[in-house]
Amino acid sequence: MSKTAIILGATGLTGGILLSALLKDDRYHKIKLFSRKTVGISHPKIEEHLINMLQLKIVADDFKGNEVFCCIGTTNSKTPDKGLYGTIDYGIPVTAGQLCIQNGIETFIVISALGADPESRVFYNRIKGEMEETILTMEIPKTHILQPSLISGKRDEKRTGEYLFKQLMKVINPILVGPLEKYRSIRPEIIVSAMIWLANNHFNSKRVVSDEIKEIPRF
């Protein structure tokens with residue numbers, strides 16, 4: 001079966017790697033991109049929709065395919081306003097889930113974060129946790145929420161705090177063993193491989209934490 005994939009967040013680090021992987025994957029004949037800016041790639045598989053992502057519902061008629069991969073996420077430095085932050089990290093994935101239900105899309109793969117918890121005192125973790133809980137109540141048949149730890153890799157935008165933490169993680173990763181192994185940083189290529197594998201194979205868990213992501217077979 002030749003499939004159509006939808007990617008939200010293809011201009012980001014993980015989303016960009018996911019796009020490259022799907023372009024090479026013969027199982028996918030079309031990749032629909034919904035984002036506020038172009039990825040700058042010309043390819044016969046790509047169908048690009050440049051929109052205000054906070055108004056995703058207005059493109060409901062175009063939001064049709066076999067699978068949705070949601071790689072949306074912001075940071076405190078990029079979005080210091082907590083109201084807007086929540087509208088992005090909670091609102092966009094939830095709206096995408098609603099469109100999956102509306103258009104009969106049965107596969108929804110979402111990147112969240114390790115530590116996501118709707119009861120957390122940490123704003124970032126609480127928003128992610130609330131997003132997860134809402135999406136799981138939708139009961140989209142094949143839903144998988146990935147909870148990676150710190151994602152390694154070079155980003156286009158400058159994130160000084162994240163860069164320093166990544167350098168620290170390079171030092172302490174080797175001593176994070178046993179129950180602490182899930183806190184090791186994770187490469188975006190591993191997350192992408194897991195997302196594609198989950199979309200094309202059966203997996204029992206709805207939530208997939210960072211160390212489990214690393215154990216999923218590579219495509």
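Note that the coordinates shown come from a computational prediction; the quantities given were computed from them, not determined experimentally. Sequence positions, counted from 1, serve as the residue numbers for this chain.
- Between Lys142 and Glu106 there is no salt bridge, since no side-chain N of the basic residue sits under 4.0 Å from a carboxylate O of the acidic one.
- For Lys206, the NZ atom is densely surrounded, since the number of other residues' heavy atoms within 6.0 Å is greater than 12.
- The cluster map of Ile, Leu, Val, Met, Phe, Trp and Tyr, joined by side-chain heavy atoms under 4.5 Å apart, puts Leu54 and Leu50 in different clusters.
- Taking CG of Leu8 as the start and SG of Cys71 as the end, the distance is 8.0 Å to the nearest 0.5 Å.
- Less than 6.0 angstrom separates the ring centroid of Tyr85 from the ring centroid of Phe123.
- Panel note: side chain Glu133, backbone Glu130; no donor-acceptor pair is recorded below 3.5 Å.
- Side-chain contact between Leu18 and Ile196: present, with at least one pair of heavy atoms (C-beta onward) separated by less than 4.5 Å.
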Arg36/Asn52 under side chain to side chain contact (heavy atoms under 4.5 Å, CB included): CA gap, chis, key distance, verdict | CA-CA 6 Å; Arg36 63 183 178 83; Asn52 180 345; over 6 Å; no

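- Proximity of a side-chain donor or acceptor of His144 to a complementary backbone N or O of Arg207 within less than 3.5 Å is not detected.
- From Ile127, atom CD1 reaches atom OH of Tyr90 across 9.0 Å, with rounding to the nearest 0.5 Å.
- With rounding to the nearest 0.5 Å, the separation of CG in Asn125 from NZ in Lys128 is 9.5 Å.
- Of the N and O atoms on the side chains of Gln147 and Ser112, not one donor lies less than 3.5 Å from an acceptor on the other residue.
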Evaluate the criterion side chain to side chain contact (heavy atoms under 4.5 Å, CB included) for residue pair Phe34 and Ile7; output intermediate values, then yes/no.
-> CA-CA 7 Å; Phe34 293 87; Ile7 302 178; over 6 Å; no

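- One distance of note links OG1 of Thr14 with CG of Leu19; it measures 12.5 Å at 0.5 Å rounding.
- Between Leu33 and Glu47, the closest side-chain pair of non-hydrogen atoms is not below 4.5 Å.
- With hydrogens and angles ignored, the 3.5 Å screen pairs no side-chain donor or acceptor of Lys32 with any backbone N or O of Glu48.
- Within the 4.5 Å cutoff, no side-chain heavy atoms of Ile31 are placed close to those of Thr4.
- Looking at heavy atoms from C-beta onward, Ile216 lies in side-chain contact with Val208 at the 4.5 angstrom threshold.
- Side-chain contact between Gln98 and Leu56: absent, with no pair of heavy atoms (C-beta onward) separated by less than 4.5 Å.
- The two residues Thr38 and Gly40 have their closest heavy-atom pair at OG1-N, 3.0 Å.
- Taking each heavy atom of Ile140 and Gly97 in turn, the nearest pair found is CD1-O, 3.7 Å.
- A continuous path of ILVMFWY side-chain contacts below 4.5 Å connects Ile101 to Val59, so both sit in one hydrophobic cluster.
- For the atom pair Gln102 CD and Thr95 OG1, the distance stands at 11.0 Å (nearest 0.5 Å).
- In terms of modelled atom types and a separation under 3.5 Å, the side chain of Asn66 and the main chain of Lys3 share no donor-acceptor contact.
- Put simply, the side chain of Asp25 never gets that close to the backbone of Ala21: no donor and acceptor are under 3.5 Å apart.
- A donor-acceptor distance shorter than 3.5 angstrom exists from the side chain of Ser20 to the backbone of Gly16, with no hydrogens or angles considered.
- Put simply, the side chain of Ser120 never gets that close to the backbone of Asp117: no donor and acceptor are under 3.5 Å apart.
- Side-chain contact check for Ile186 versus Lys214: some heavy-atom pair is nearer than 4.5 Å.
- Ionic pairing of Arg126 and Glu132 is not present here: no N-O contact between side-chain nitrogen and carboxylate oxygen is shorter than 4.0 angstrom.
- A 4.5 Å side-chain heavy-atom check between Met138 and Val94 finds at least one atom pair inside the cut-off.
- Shown here for Gly73 and Asp89, the closest heavy-atom pair between the two residues is CA-OD1, 3.4 Å.
- Proximity of a side-chain donor or acceptor of Thr107 to a complementary backbone N or O of Glu67 within less than 3.5 Å is not detected.
- Here CZ of Phe69 is found 6.0 Å from CE of Met195. Values are rounded to the nearest 0.5 Å.
- Residues Ala194 and Leu146 approach most closely at CB-CD2, 4.2 Å, considering heavy atoms.
- A donor-acceptor pair is defined here as one N or O able to donate and one able to accept, closer than 3.5 Å; such a pair exists between the side chain of Lys45 and the backbone of Tyr28.
- Residue Ala5 comes nearest to Leu22 through the heavy atom pair CB-CD1, 3.9 Å, listed as atom of the first residue, atom of the second, then distance.
- Between Ile109 and Cys70, the closest side-chain pair of non-hydrogen atoms is not below 4.5 Å.
- Using a 30° and 60° split on the angle between ring planes, Phe203 and Trp197 fall in the perpendicular class, above 60°.
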Evaluate the criterion side chain to side chain contact (heavy atoms under 4.5 Å, CB included) for residue pair Phe63 and Ile105; output intermediate values, then yes/no.
-> CA-CA 9 Å; Phe63 201 92; Ile105 302 171; 4.0 Å; yes

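- Contact detail for Ser185 and Ser149: the closest heavy-atom pair is CA-OG, 3.6 Å.
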